[in-house]
Visitor: 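First the structure, then my questions, so here it is.
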Amino acid sequence: MVAGLLATLLFVSPNYQGDSATFKDAATAELYARARVRHVRQDSLVRDYSALVQTRLDLTSGRSRFSRQTALFAHETVARLSWQAPNDLKVQVLGARSAAPALRMFARMAGASGDDVDELQDELRQEVLLDRPWFIPRSLGDSIMLMGVPDQAALHPLAFGAIDYYNYSITDSTRLRIPNGPEITAVKMHVTPKKLAASLVAGDMWIDRATADVVRLMVVFVGQYVWSQPDGRTPEDSADARNDNKWARRFLSAEADVEYALIENRYWLPYRQLMSLTFEIPWFVNLTLPMRALSTFSEYEVNTTPAIAFTVPQEDLPAGRGSSDPLADGDRRTRVRVRGDTNRVRNRSDRDRSEHGYARAGTWGKGRWEVEIPPTDELMLYDWEEEFKVNIDPEEEERLRESVATLAKLSEDLPADWVGRLRYGVAWEEFSDIFRFNRVQGPSVGIGYQLRPGPDFTQVLFTARIGLADLRPTGSAVWRRDGPGGRFDFKVYRTVSEVEPWTNGLGIGNSLNGIFAGNDDADYHLALGSSFSYQWNAGLLRDLTFEAFFERQTSMKNEAGAPFGGSFQLNPQIAEGNFVGVRVNRPYRIGLTELKPGADILADEDLSAGRIYGSAAVPFRALGRTGTLTLHAGAMRGDDIPQLAFRLGGPQTVRGFTYGARLGREFWSTQLDFALTSSPFLAPVLFVDVGDTFSSDPMVGAGIGVSLLNGLMRFDLSKGIDPWNEVRFDLVFRAPR
C-alpha cells in the first residue's frame, strides 16, 4: 500500500511530467517506489550474521585498462566478520599475504640483495593491512562509499531526496541466476545525474521484480567533491576543492560493482564487491594503472551469532559526527593490544604492533565498528586454501574484465567534463613526437593534437612534423577506437618508416645515440598511404596485432651528418612502388622468457615477398650474477625486395659493427650479456655477439658496458672481432617510449 501510494504521488508530480521527467514512464516510477520502500525498511529479517570475507587488492599497469596488465602489487586478506543490528560490526583478520614485483625490481635497481628484497616484502606485508572496514557489511544506506572512495560519500539513488538529483529509466529485464539462490527476474534501472553536484553516481541498479530488492549496483562516481572536500566553509575553500577535483578527474576515475546473494533463500546479504580506481598518464607513455579491490563473502551463519564482544571499551570510542550515514565515522585511530595488556595504547611502534597485534575502533551511523589485527606471525601462519598467485586465475580475470568493461561504458556515456575526459587538446604518444634526430631528416620537430568526436572509446589523433635538414613535412591522421575488445586504428599518413620490426630508429633513444655517439641504427623510407590495424585485448588472439596497408614507398637519402663530427652510413635504396602489405605480430611470455614473433607480406604489380621473424630474450642467473641470452632469426621468401631483407650489425644483432653491415634473405644472431656485479643500479657488463646472413663466415663482436637502473640506460664499448673492426661507442636506452 505504501509503495502504491508513493508511486501515485511520483506519477502525478512534476518530476514525472514533461521532457525533463525524472522517471521515463509509469513502470519506472512504480518499480522505483517499491524499491524505495524496500530501501527504507532494509530487511529487518536479519538480526545478526557472521561470514568469511576474502579481499584481493591488485595494482597493475598496461597500455589501457582493457589491455594485458603487468602485475605491480598484489595483496590478499581473509577475515571473519560479525554484524548485528542496528549496525555494529567486528572484523577479525585471520591472514594476510602480499607480493610486489615492482618493489623487487626497484629494490634490485638500488642494489639490494635477494635477502634484502624478501625482508622488504615481509615489512610490506605487515604495513599493508586493511584495519578499518573496507567493505559494505549490509545493504547500502543513503550514501555510497567503498574503500574510502569517494572522499564525500555519494548520494544513493534510492535515498530521500534523490529524485531531485537523478533521472531513472528501465532499460532491460532478464532472468538472473542469483549466487546461492534461485533464478529471478531482474529489472535494470539506469540512473543518471540531472546535473553535476557534490558527490553522485551514474550507472545501473538491478532490481528483483518480485521483492524490489537491489541485487546489483554498478556505478561510476561523479561530482565536484569526489576526490577532495573543502577545507573550510568559505566560497574560496569550495572553489579550491572544485578546482582540485577538476584536475584529479583528468587522471583518476572510480567505479564500484556491488552484488548481493540470497542466503538460505530468504536473506539478501553481500556476495561480491569490486572497487576500481584507475590512474591514467595520457602523455608519452600511454600508461594506465588500475587498482582493483575485490571482496567476496562466504560461510554465512544468519541469526545465530551471540552478541559481539568488542575489545575496545565503549567509553574509549570517539563520539562520531551524528550522521545517519553508515560510512561517516568518528575514527580517532584508537588502538589496543590484542595480546597481553589490553589497556588502550597510543603511538605504538611497528615492532609492538607486529609482536602483539592491535585493534582499531570507531563509530558510524547507528553503530560502531572494530577491526582486530593479530600478531604478524599469526597472519603469516594462516592456512590458505590456495597458493598465492600474483596474477589472478583466468576465470576470475574474465569476470573482472566484464565488470570493468561495463563500468567503462557507463563512464563513456557521461558528459566529458563530468569524468575529466578532454574533448580536444595537445597529444603526444611518444617523446620523439616532439623531437627526434636521424640521418635522413636531421633534427625534426612535431606536434600532436587529439579530438573526441563522440562515439564510445573513440578519438582522432593528428600529428605534423618537419625535418630541419630535408625540410620535408610529414604527418598523419588516425581514427582510433580503444575499447574492451581491442584497439582499432584507421590511419592516413605521409611518414618516415623503418624497414625492420625490432629497430627503434624513430625513438628518442636512437636520436640521442645519433646526436652524442654518431650512430643511427635503422634504415628508412618514405611511406604515403593508409592502413588499418587491430590489436586484440581479450580471447585467444589477445595481444595479436594485425595490420593491412596500401602505400607508396620511396627511397630517402642522407640529409644530415653526426652533430659532433663524422658521417653516418648511407641509407640504402629500396624497391619503390605502390605496395599492398600485411603485418602480424604477437609478443608474449613463457615464464621469464619474452618472445616476439611476427610476419610481413609486401606486394606490388611486379614484386611480391614475405618474411617471418622472431626474437627471444631469456634471462638467467649464474655464479650469483644475472645475464640475458637474446636470440634473433628470420627468413624471407619471394622476390628480392630490399626493404624486406634483414640487416646484421648494431645494438640489436651484432655489436661492434655498423647497422646494416650485412644484408641477407635469412639471418640469425645471438647476444650474451653478463653482469659482473649483483647491483643493477650500476653494473659493469660483458657481452659477446655472433650472427650470420649465410653469405660468409659469421660475424663476431664483443665488448664491455656500464648498465644503469637495471639496463634502462647503458654505455657500451664494442669491437668487431671477426672481421676485425674499430671500437664503437653506443648510448643504449631500453625505455620503450
Side-chain angles (χ1 to χ4, degrees), residues 61-67 70 246-253 278-290 416-417 419-438 440-453 457-483 487-498 503-516 520 522 524 526-528 530-533 535 545 547 560 712-713 731 733-737:
S61 66
R63 171 182 53 79
S64 75
R65 67 172 67 188
F66 311 117
S67 64
T70 299
K246 181 179 178 180
W247 276 99
R249 287 198 299 269
R250 297 182 62 180
F251 305 100
L252 278 168
S253 60
T278 304
F279 179 61
E280 297 183 83
I281 305 174
W283 301 298
F284 306 127
V285 293
N286 289 331
L287 183 64
T288 300
L289 298 168
D417 56 334
V419 292
R421 188 171 58 248
L422 294 179
R423 297 188 183 93
Y424 52 84
V426 175
W428 291 290
E429 292 197 285
E430 303 183 17
F431 287 103
S432 58
D433 287 342
I434 301 175
F435 172 85
R436 70 182 180 219
F437 176 89
N438 55 52
V440 297
Q441 284 193 297
S444 65
V445 292
I447 189 171
Y449 201 80
Q450 70 167 347
L451 299 173
R452 294 187 181 271
F457 310 116
T458 298
Q459 60 185 144
V460 180
L461 300 168
F462 300 95
T463 63
R465 69 182 312 109
I466 187 167
L468 302 185
D470 65 345
L471 298 180
R472 179 185 283 115
T474 57
S476 65
V478 182
W479 177 284
R480 172 172 296 166
R481 186 184 191 278
D482 194 355
R487 185 171 81 174
F488 171 82
D489 282 357
F490 176 74
K491 183 177 182 179
V492 293
Y493 51 86
R494 181 178 191 255
T495 186
V496 177
S497 294
E498 301 176 61
T503 59
N504 194 18
L506 302 178
I508 191 64
N510 189 69
S511 297
L512 295 176
N513 197 29
I515 293 172
F516 295 107
D520 189 350
Y524 310 95
L526 186 67
L528 171 65
S530 62
S531 69
F532 73 87
S533 65
Q535 181 178 8
T545 300
E547 180 181 9
L712 187 66
M713 181 171 65
L731 291 172
F733 297 85
R734 300 295 185 186
R737 312 300 282 184

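Residue indices begin at 1 and follow the sequence shown. Being a predicted model, the structure only gives us computed values, none of them experimental. Every heavy atom of this structure was used, including side-chain atoms; hydrogens, water molecules and symmetry mates were not.
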Visitor: Show your working on salt bridge (Lys or Arg N to Asp or Glu O under 4.0 Å) between Arg63 and Asp482 and close with a plain yes or no.
Guide: CA-CA 10 Å; Arg63 171 182 53 79; Asp482 194 355; 2.9 Å; yes
Visitor: Parallel, tilted or perpendicular for Phe279 and Phe251, by the 30°/60° rule?
Guide: tilted
Visitor: Within this structure, what is the CD1-OG1 distance for the pair Ile281 and Thr288, rounded to the nearest 0.5 Å?
Guide: 8.5 Å
Visitor: Do Val445 and Ile466 touch side chain to side chain, with heavy atoms closer than 4.5 Å?
Guide: yes
Visitor: Could you check Leu451 against Phe462 for side chain to side chain contact (heavy atoms under 4.5 Å, CB included), going step by step and ending with a plain yes or no?
Guide: CA-CA 9 Å; Leu451 299 173; Phe462 300 95; 3.8 Å; yes
Visitor: For the CZ atom of Phe532 and the CD atom of Glu547, what is their distance to the nearest 0.5 Å?
Guide: 9.0 Å
Visitor: Compare every heavy atom of Thr474 with every heavy atom of Arg494, then report the nearest pair and how far apart it is.
Guide: O-CB, 3.0 Å
Visitor: When Ser253 is tested against each of Glu280, Arg421, Arg65 for side-chain hydrogen bond (donor to acceptor under 3.5 Å, both in side chains), which residue passes?
Guide: Arg65
Visitor: For residues 458-467, pull every pair meeting salt bridge (charged side-chain N to carboxylate O under 4.0 Å, His left out), keeping only residues two or more places apart or in separate chains.
Guide: none
Visitor: Shortest non-hydrogen contact from Val492 to Ser530?
Guide: CG1-CB, 3.8 Å
Visitor: How far does CG of Leu461 sit from OH of Tyr449, to the nearest 0.5 angstrom?
Guide: 12.0 Å
Visitor: If you measure from OG1 on Thr70 to CG on Leu289, what distance do you get to the nearest 0.5 Å?
Guide: 10.5 Å
Visitor: Is a salt bridge present between Glu429 and Arg480, judged by a nitrogen-to-oxygen distance below 4.0 Å?
Guide: yes
Visitor: When rounded to the nearest 0.5 angstrom, what is the spacing between CE in Met713 and CZ in Phe733?
Guide: 5.5 Å
Visitor: Can you tell me how far OG of Ser531 sits from CZ of Phe490, rounded to the nearest 0.5 angstrom?
Guide: 7.5 Å
Visitor: Just to verify, what does Arg472 make a side chain to side chain donor-acceptor pair (under 3.5 Å) with, not counting sequence neighbours?
Guide: Asp470
Visitor: For Ser444 versus Gly467, what's the shortest heavy-atom pair and its separation?
Guide: CB-CA, 3.7 Å
Visitor: Which residues pass the salt bridge (Lys or Arg N to Asp or Glu O under 4.0 Å) test with Arg452, sequence neighbours left out?
Guide: none
Visitor: Are any side-chain N or O atoms of Thr503 and backbone N or O atoms of Ala522, one a donor and one an acceptor, separated by less than 3.5 Å?
Guide: no
Visitor: Test side chain to side chain contact (heavy atoms under 4.5 Å, CB included) on Arg250 and Leu422; report intermediate values, then the result.
Guide: CA-CA 8 Å; Arg250 297 182 62 180; Leu422 294 179; 3.1 Å; yes
Visitor: For the residue pair Arg423 and Asp417, establish whether any side-chain heavy-atom pair is separated by less than 4.5 Å.
Guide: yes
Visitor: Would you name the heavy atoms of Ser432 and Leu506 that are closest together and state the gap between them?
Guide: OG-O, 3.0 Å
Visitor: Return the minimal non-hydrogen interatomic distance between Leu731 and Asn513, and the atom names on each side.
Guide: N-OD1, 2.8 Å
Visitor: Could you pull out the closest heavy-atom pair between Thr463 and Ser476, with the gap in Å?
Guide: OG1-OG, 2.7 Å
Visitor: Going through the distances and angles, do Asn438 and Tyr524 end up as a side chain to side chain contact (heavy atoms under 4.5 Å, CB included)?
Guide: CA-CA 9 Å; Asn438 55 52; Tyr524 310 95; 3.6 Å; yes
Visitor: Near Phe435 CZ, under 6.0 Å, is it more than 12 heavy atoms from other residues, nucleotides or ligands?
Guide: yes
Visitor: Less than 3.5 Å apart, any donor N or O on the side chain of Asn510 or Asp520 sitting next to an acceptor on the other?
Guide: yes
